[in-house]
There are 2 protein chains.
Amino acid sequence: MTKINGDANSPPKQVIHSQEAAKDPYVERILDAARQLFIENGLEAVSMHRIAKKAGIGQASLYRRFTDIGEICSVLLRDNSERFLNELEHEVQLTPVKLPAFERLQSSIERVVDFLEQHAELLNLIKTEFTGKKQLTQFEHPFFQRLNMILFQLLQQVTAETENILIDPQFVATALVSVLSPDLYLFQKKVHGRSKEQITKGIITLFVTGLRNP
Amino acid sequence: MTKINGDANSPPKQVIHSQEAAKDPYVERILDAARQLFIENGLEAVSMHRIAKKAGIGQASLYRRFTDIGEICSVLLRDNSERFLNELEHEVQLTPVKLPAFERLQSSIERVVDFLEQHAELLNLIKTEFTGKKQLTQFEHPFFQRLNMILFQLLQQVTAETENILIDPQFVATALVSVLSPDLYLFQKKVHGRSKEQITKGIITLFVTGLRNP
DNA sequence: TTAGTTTACGGACAATTGTCCGCTGTGTCA
DNA sequence: TGACACAGCGGACAATTGTCCGTAAACTAA
């Protein structure tokens with residue numbers, strides 16, 4: 001029988017650089033089970049109990065690693081969202097003076113809408129679960145916190161570059177996050193039948209063009 | 001014993017004009033029980049089971065009238081929200097040309113924020129429950145639908161009065177509803193410590209002043 | 001090895017949501 | 001008054017979430 005780290009000269013338990021949970025085999029089994037159930041049954045039809053069953057572990061072992069389904073979704077989406085936010089951050093910080101801040105803001109909004117288009121449903125489920133348990137708003141989720149921060153920096157740059165501008169970057173950033181929420185995005189598509197492009201245009205008119213002409 | 005509609009010459013079952021549930025004594029008992037439990041235990045600590053117990057009725061009898069706690073909250077808030085929306089609608093439609101549309105828009109936003117300040121928590125709970133069950137977004141709740149409609153009309157008037165304006169009233173109305181959502185309001189107060197006045201100012205800067213200067 | 005300590009597994013359990021179904025009480029007709 | 005239909009009540013029940021605790025495996029030390 002092979003024991004984990006049981007070999008002689010067991011290497012020092014080095015901190016894992018990659019995604020932090022790479023060590024725990026249960027985590028992988030859980031994520032695999034969840035992925036599979038999501039595909040087979042749709043996002044809504046999957047329960048924590050079923051995930052535990054499918055992963056072949058007990059309820060408690062599941063809850064010890066993920067407090068709810070939203071957290072599982074978070075992790076399933078994390079690679080994508082991390083990459084996305086990193087790229088966005090990178091663009092904001094490393095395209096410093098090449099483009100006017102307004103144009104960087106516009107391009108960032110377009111990128112966010114692209115991301116929404118791909119992942120709105122999963123993001124929405126994350127939000128539901130996240131806000132459901134504690135007394136939290138969707139804006140307190142790490143994803144939206146970081147998005148808020150990035151947009152805030154952009155808006156600060158906009159105000160720094162623009163004369164006679166009267167906005168509060170912090171407030172506008174939060175409002176922008178709200179308008180970019182998956183909830184609103186899905187509503188626009190579902191009820192008003194708007195396309196990605198229409199939604200992008202509407203947001204840019206409000207938050208870029210609107211600020212631009214003081 | 002008095003039978004409901006059991007008298008001779010029973011009058012044709014006329015549609016009830018007042019709040020529709022006025023007939024059913026169970027509804028009153030349920031609402032009383034809910035009100036009391038909400039006060040005693042806080043919004044979050046109350047379950048459907050406890051409401052049924054407190055009202056002295058069975059689970060099914062409760063569910064036959066209210067599909068979830070959100071619906072109970074809706075009804076508890078309905079008098080207030082109906083009155084509020086009626087007033088808002090009235091002002092929008094009957095203050096036609098006395099004030100410029102921009103100023104009516106501003107005043108309406110202020111009124112909505114006042115309402116949020118009073119009822120944000122209840123509204124938020126309604127939203128949670130409403131969106132939780134079916135695949136619905138908060139914007140599909142009747143309250144927000146009607147608010148959306150009112151703001152849409154206002155924004156149409158704004159565009160009619162203003163030259164060179166380039167907004168899509170339907171889109172802006174929905175964005176405005178999003179920024180006026182209880183979720184965002186509570187977040188602003190809780191995390192950023194903003195006052196009602198600061199929030200009002202921020203929204204008006206974005207959605208009134210921003211549009212005003214094309 | 002053995003004894004003692006610690007970790008953490010997993011099933012049982014409580015609490016909640018929402019549904020089902022047997023039963024009772026009322027109304028209708030003879 | 002009695003037979004019958006039937007609307008509606010309420011408790012039991014399934015499904016889900018989240019927690020607790022007895023127990024077994026793993027690690028430490030002699």
Side-chain angles (χ1 to χ4, degrees), chain A residues 1-13 21 23-30 33-34 37-38 41-74 125-126 128-136, chain B residues 1-11 13 21 23-30 33-34 37-38 41-73 125-126 128-136:
Chain A
M1 77 185 74
T2 55
K3 297 166 190 169
I4 298 170
N5 275 347
D7 307 9
N9 296 353
S10 66
K13 296 191 175 187
K23 267 272 185 54
D24 187 341
Y26 274 35
V27 168
E28 289 310 317
R29 285 168 64 184
I30 292 167
L37 287 173
F38 282 152
N41 304 87
L43 288 182
E44 300 296 332
V46 178
S47 71
M48 290 293 268
H49 189 81
R50 287 184 69 184
I51 293 175
K53 265 284 180 56
K54 182 106 185 175
I57 64 176
Q59 285 275 93
S61 298
L62 173 55
Y63 275 96
R64 227 166 273 128
R65 290 166 179 79
F66 300 98
T67 66
D68 57 38
I69 274 196
E71 212 166 293
I72 296 177
C73 294
S74 277
L125 189 54
I126 288 172
T128 302
E129 295 301 324
F130 184 78
T131 61
K133 45 183 177 180
K134 299 131 197 170
Q135 287 294 51
L136 294 175
Chain B
M1 78 184 75
T2 58
K3 298 164 189 173
I4 299 170
N5 274 349
D7 306 10
N9 296 352
S10 67
K13 294 195 176 186
K23 271 272 185 53
D24 187 341
Y26 273 35
V27 168
E28 288 309 317
R29 285 168 65 184
I30 291 168
L37 286 172
F38 283 152
N41 304 87
L43 288 182
E44 300 297 330
V46 178
S47 69
M48 290 293 269
H49 189 81
R50 288 184 68 184
I51 293 175
K53 266 282 180 57
K54 183 104 183 177
I57 65 175
Q59 285 276 92
S61 298
L62 173 56
Y63 275 96
R64 228 167 272 128
R65 290 163 179 82
F66 300 97
T67 68
D68 57 38
I69 275 195
E71 214 167 292
I72 296 177
C73 293
L125 188 55
I126 289 172
T128 302
E129 297 300 324
F130 184 77
T131 63
K133 45 183 177 181
K134 300 131 197 171
Q135 286 293 52
L136 294 176

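Lettering of chains follows the sequences in order, A, B, ..., and the numbering in each one begins at 1.
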When rounded to whole Å, the NE2 to P distance for the pair A:H49 and C:dA14 reads 17 Å
I'd like a table of donor-acceptor pairs (distance under 3.5 Å, sequence neighbours excluded) in which one partner is a side-chain atom from residues 50-59 of chain A, with atom names and distances.
unit_1 : atom_1 : unit_2 : atom_2 : d
A:R50  : NH1    : A:A45  : O      : 3.3

Terminal axes of the helix from C:dT5-D:dA26 to C:dA30-D:dT1 (5 end pairs apiece), angle rounded to 10 degrees, sit apart by 20°
In short, B:M48 meets B:I72 closest at the heavy-atom pair SD-CD1, 4.0 Å
Rounding to 0.5 Å, atoms SG (B:C73) and CZ (B:F38) come to a distance of 4.0 Å
Restricting to nitrogen or oxygen on both sides, can you table the protein-nucleotides 10-12 of chain D pairs closer than 3.5 Å?
unit_1 : atom_1 : unit_2 : atom_2 : d
D:dG10 : OP1    : B:Y26  : OH     : 3.4
D:dG10 : OP2    : B:G58  : N      : 3.3
D:dG10 : OP2    : B:S61  : OG     : 3.2
D:dG10 : O6     : B:R64  : NH2    : 3.0

Separation of D:dC9 atom P from B:F66 atom CZ, nearest Å, is 13 Å
note: B:I30, atom CD1; D:dG8, atom C1'; distance rounded to Å ~ 13 Å
ask   = Counting only side-chain N and O atoms of B:T67, is one of them less than 4.0 Å from OP1 or OP2 of C:dG18?
value = no
Correct closest heavy-atom pair for B:G70 and B:I126 would be O-CG1, 3.9 Å
Here the gap from A:D68 atom CG to A:L62 atom CG, rounded to the nearest 0.5 Å, amounts to 10.0 Å
Between CD1 of A:I51 and P of D:dT17 the distance, given in whole Å, is 8 Å
Minimal heavy-atom distance between B:Y26 and B:R65, with the atoms involved, is CB-NE, 3.4 Å
A:E71 CD to D:dG18 P, in whole Å, measures 11 Å
A:N41 CG to D:dA15 C1', in whole Å, measures 15 Å
From the candidates D:dT17, C:dG18, C:dT17, the one with an atom nearest any side-chain atom of B:D68 is C:dG18
Rounded to whole Å, CG of A:L62 lies from C1' of C:dA8 at a distance of 14 Å
Can you tell me if the side-chain N/O atoms of A:R65 get under 4.0 Å from OP1 or OP2 in C:dC9? yes
Separation of D:dC13 atom P from B:Y63 atom OH, nearest Å, is 18 Å
